[in-house]
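Both counts, for ligands and for their atoms, begin at 1 and track the order of listing. If you read the sequence from its start, that first residue is 1, and numbering goes on from there.
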Amino acid sequence: MAILTKAPRGTVDVLPGESYKWQYVESVLRDAASKFGFREMRVPTFEHTELFNRGVGDTTDVVQKEMYTFEDKGGRSITLRPEGTAGVCRSAIEHGLLGDALPLKVYYFVSCFRYEKPQMGRYREHTQFGSEFYGSAAPAADAELICYVQYILDSLGIKETHLEINSIGCPKCRTEYYKALREYFRSYSDQLCETCLGRLEKNPMRILDCKSPICKEIAANAPRTLDYLCDDCRAHFDGLKARLDKTSIKYVENSRIVRGLDYYNRTVFEFVTDALGSQGTVCGGGRYDGLSESLGGPSVPSLGFGMGLNRILMLMEQTGCEFPEVDRCDIYVGSAGDSASIAAAGIISDLRAEGFKAEGDVMVRSVKAQMKYCDKIGAKYSCIIGEIEQANGMVRVKNMKNGETYEVELDGMCQFMYDRMVADALDDAAGAAEDFGG
Ligand code: ATP
Ligand code: MG
């Protein structure tokens with residue numbers, strides 16, 4: 001029976017005491033997206049397997065080793081999405097969005113499924129925030145996208161990341177580059193892992209992305225893409241760097257970044273941290289001008305990124321970033337006795353209708369037990385209605401933070417709470433101003 005109460009390997013539960021952190025991060029991301037003009041898209045959790053074989057590429061680790069693929073009852077091959085880009089591009093093509101006014105800028109939150117070896121920061125289901133930017137081939141778009149990611153990291157208070165960029169050229173410059181790579185790797189063919197041996201002829205650049213330690217060591221001295229760029233790709237890369245140089249964003253060139261997925265060309269980038277051990281990439285992205293066409297859509301240049309939110313949250317926790325206070329209960333209206341409980345329910349209902357977060361007793365518990373619960377949920381104010389309060393039409397309301405109490409008419413609870421909320425907000429603002437002036 002133990003299996004019923006144990007989650008499958010590599011999955012994560014977000015519990016009520018933690019979910020506010022996710023909600024906070026999500027709200028910052030939505031805000032940033034809207035500032036940069038990106039609008040949300042929601043796409044299915046599963047797609048036809050062929051979409052990922054094509055869109056992600058059949059020489060990638062993701063497709064070769066990690067996909068959750070199954071046959072559905074209608075005999076179709078279906079895959080749980082391992083990433084967001086291919087499905088979003090499929091949808092944009094299907095609904096004619098790429099023929100509309102460009103640029104098209106979209107964002108999404110998706111759970112992604114990859115059969116990986118679970119470890120800290122690496123799961124079989126993880127969550128990504130991603131954005132896609134369709135329509136511009138200019139390096140201005142690459143710079144804009146990178147500024148957008150940096151803006152997100154800044155907004156979350158994340159300081160411990162750095163940016164690594166590379167250009168992996170276009171199909172034109174890749175002919176020469178692949179030749180050089182094949183030549184280099186052939187001399188190590190007795191040491192490469194089996195998967196990489198298969199990649200040698202089909203897509204030798206994939207070997208640079210292999211996680212096996214031996215392949216990694218061999219790849220360290222392999223020819224660099226940057227030495228093989230054609231004039232156009234070189235100018236594009238220089239254009240991106242010139243723009244980044246005009247911002248405060250620091251970057252390093254790293255010729256080892258080729259990105260895990262097949263559809264990339266020209267710019268590739270990663271935001272990396274040293275604070276999360278070997279799972280240090282919190283965001284990866286780049287340009288993939290050929291993707292739409294390879295899926296049967298129009299030729300539309302595009303770029304985007306995927307940000308691993310599990311890693312972002314871990315990084316924020318580990319480096320002491322703040323998560324704003326939980327959305328707490330405004331007032332707990334307790335009661336003693338059946339008749340008071342009915343009166344309390346009416347008041348709670350009125351408070352909620354006016355927009356307050358209000359709770360009361362539904363457990364038929366003692367006043368003492370109710371107060372314990374009220375503490376536990378961190379209610380800002382509390383009161384207990386009993387026979388005397390009902391008879392007098394008055395109740396004592398307590399500020400749970402400083403212990404101050406107020407005599408309030410039962411009929412005037414909503415007005416009282418309005419006044420308190422305004423007064424508390426003014427107090428908070430005055431405190432913040434003092435800290436600022438400090
Ligand atoms: P890695 O090299 O770490 O395997 P990747 O190149 O496979 O990463 P992408 O496909 O670019 O990753 O996904 C974008 C982001 O999603 C990554 O930068 C990372 O933050 C996150 N991510 C990818 N795979 C996982 C996973 N299995 N568990 C948690 N987060 C992940
Ligand atoms: Mg991976």
Side-chain angles (χ1 to χ4, degrees), residues 7-14 22 25 29 52 55-57 59-68 79-89 107-132 145-146 149-150 152-153 156 158 160-166 168 195 205-213 215-216 219 254 256-264 267-288 291 303-318:
R9 241 164 88 73
T11 60
V12 200
D13 293 316
V14 178
W22 283 84
V25 169
L29 293 171
F52 300 116
V56 178
T59 55
T60 59
D61 267 1
V62 169
V63 169
Q64 289 187 316
K65 302 177 184 167
E66 300 171 359
M67 291 210 303
Y68 277 89
T79 294
L80 301 183
R81 66 175 164 229
E83 52 94 58
T85 296
V88 167
C89 188
Y107 76 87
Y108 51 83
F109 289 93
V110 288
S111 45
C112 301
F113 304 85
R114 299 181 185 186
Y115 195 78
E116 304 212 59
K117 191 166 155 236
Q119 52 199 290
M120 193 182 95
R122 190 174 293 284
Y123 310 102
R124 290 187 174 164
E125 178 179 8
H126 71 276
T127 305
Q128 283 188 20
F129 168 77
S131 292
E132 312 289 339
L145 192 76
I146 288 173
V149 178
Q150 185 65 58
I152 289 172
L153 297 172
L156 291 171
I158 293 174
E160 290 76 3
T161 54
H162 65 273
L163 169 64
E164 301 189 350
I165 62 172
N166 189 23
I168 56 173
T195 321
M205 202 163 63
R206 281 278 71 79
I207 303 174
L208 299 175
D209 208 37
C210 183
K211 298 262 191 315
S212 124
C215 296
K216 252 188 173 160
N254 178 351
R256 297 291 144 230
I257 299 183
V258 294
R259 305 286 308 126
L261 317 182
D262 260 359
Y263 46 63
Y264 284 89
T267 310
V268 287
F269 64 86
E270 292 186 351
F271 282 83
V272 187
T273 178
D274 299 323
L276 294 180
S278 51
Q279 266 56 256
T281 308
V282 294
C283 177
R287 181 170 275 288
Y288 30 85
L291 178 62
L303 60 161
F305 66 83
M307 180 179 276
L309 294 189
N310 307 78
R311 292 185 193 174
I312 287 280
L313 267 114
M314 274 170 53
L315 178 60
M316 289 177 69
E317 279 170 352
Q318 234 161 79

Asks: Check the pair Q128 / E83 against side-chain hydrogen bond (donor to acceptor under 3.5 Å, both in side chains), numbers first and verdict last.
Replies: CA-CA 8 Å; Q128 283 188 20; E83 52 94 58; over 6 Å; no
Asks: If you draw a 6.0 Å radius around OH in Y68, do more than 12 non-hydrogen atoms from other residues or ligands fall strictly inside?
Replies: yes
Asks: Is C283 touching ligand 1 with its side chain, its backbone, both, or neither, if touching means heavy atoms under 4.0 Å apart?
Replies: backbone
Asks: Return yes when Q279 approaches ligand 1 closer than 4.0 angstrom through a heavy atom, no otherwise.
Replies: no
Asks: When the ring planes of F109 and F129 are compared, do they come out parallel, tilted or perpendicular, using 30° and 60° as the limits?
Replies: tilted
Asks: Compare all side-chain heavy atoms of E66 with those of R124 and state whether any distance is below 4.5 angstrom.
Replies: no
Asks: With a cut-off of 4.0 Å, which atoms of ligand 1 are near a heavy atom of V282?
Replies: 18 (O), 20 (O)
Asks: Record the part of R122 in heavy-atom contact with ligand 1 below 4.0 Å; permitted values are side chain, backbone, both and neither.
Replies: both
Asks: When you measure from the side chain of R311 to the backbone of G280, do you find a donor-acceptor pair of N or O atoms at a distance under 3.5 Å?
Replies: no
Asks: Could you tell me whether ligand 1 has any atom less than 4.0 Å away from a heavy atom of R124?
Replies: no
Asks: Is ligand 1 less than 4.0 angstrom away from at least one heavy atom of N310?
Replies: no
Asks: Indicate yes or no for a side-chain donor-acceptor contact from R287 to the backbone of T267 under 3.5 Å, with no hydrogens or angles considered.
Replies: no
Asks: As an exercise, identify every atom of ligand 1 less than 4.0 angstrom from a heavy atom of K211.
Replies: 1 (P), 2 (O), 4 (O)
Asks: Between the main-chain N or O of L315 and the side-chain N or O of E160, is there a donor-acceptor pair closer than 3.5 Å?
Replies: no
Asks: Out of T281, D209, I312, who is nearest to atom 17 (C) of ligand 1 when you count heavy atoms only?
Replies: T281
Asks: Just jot down the ligand 1 atoms closer than 4.0 angstrom to any heavy atom of E116, in number order.
Replies: 24 (N), 25 (C), 26 (C), 27 (N)
Asks: Examine ligand 1 and decide if any of its atoms is less than 4.0 Å from a heavy atom belonging to E83.
Replies: no
Asks: Counting heavy atoms only, which of H126, K117, M307, Q128 is nearest atom 14 (C) of ligand 1?
Replies: Q128
Asks: Tell me which one of V25, V282, L156 satisfies side-chain contact (heavy atoms from CB on, under 4.5 Å) with L313.
Replies: V25
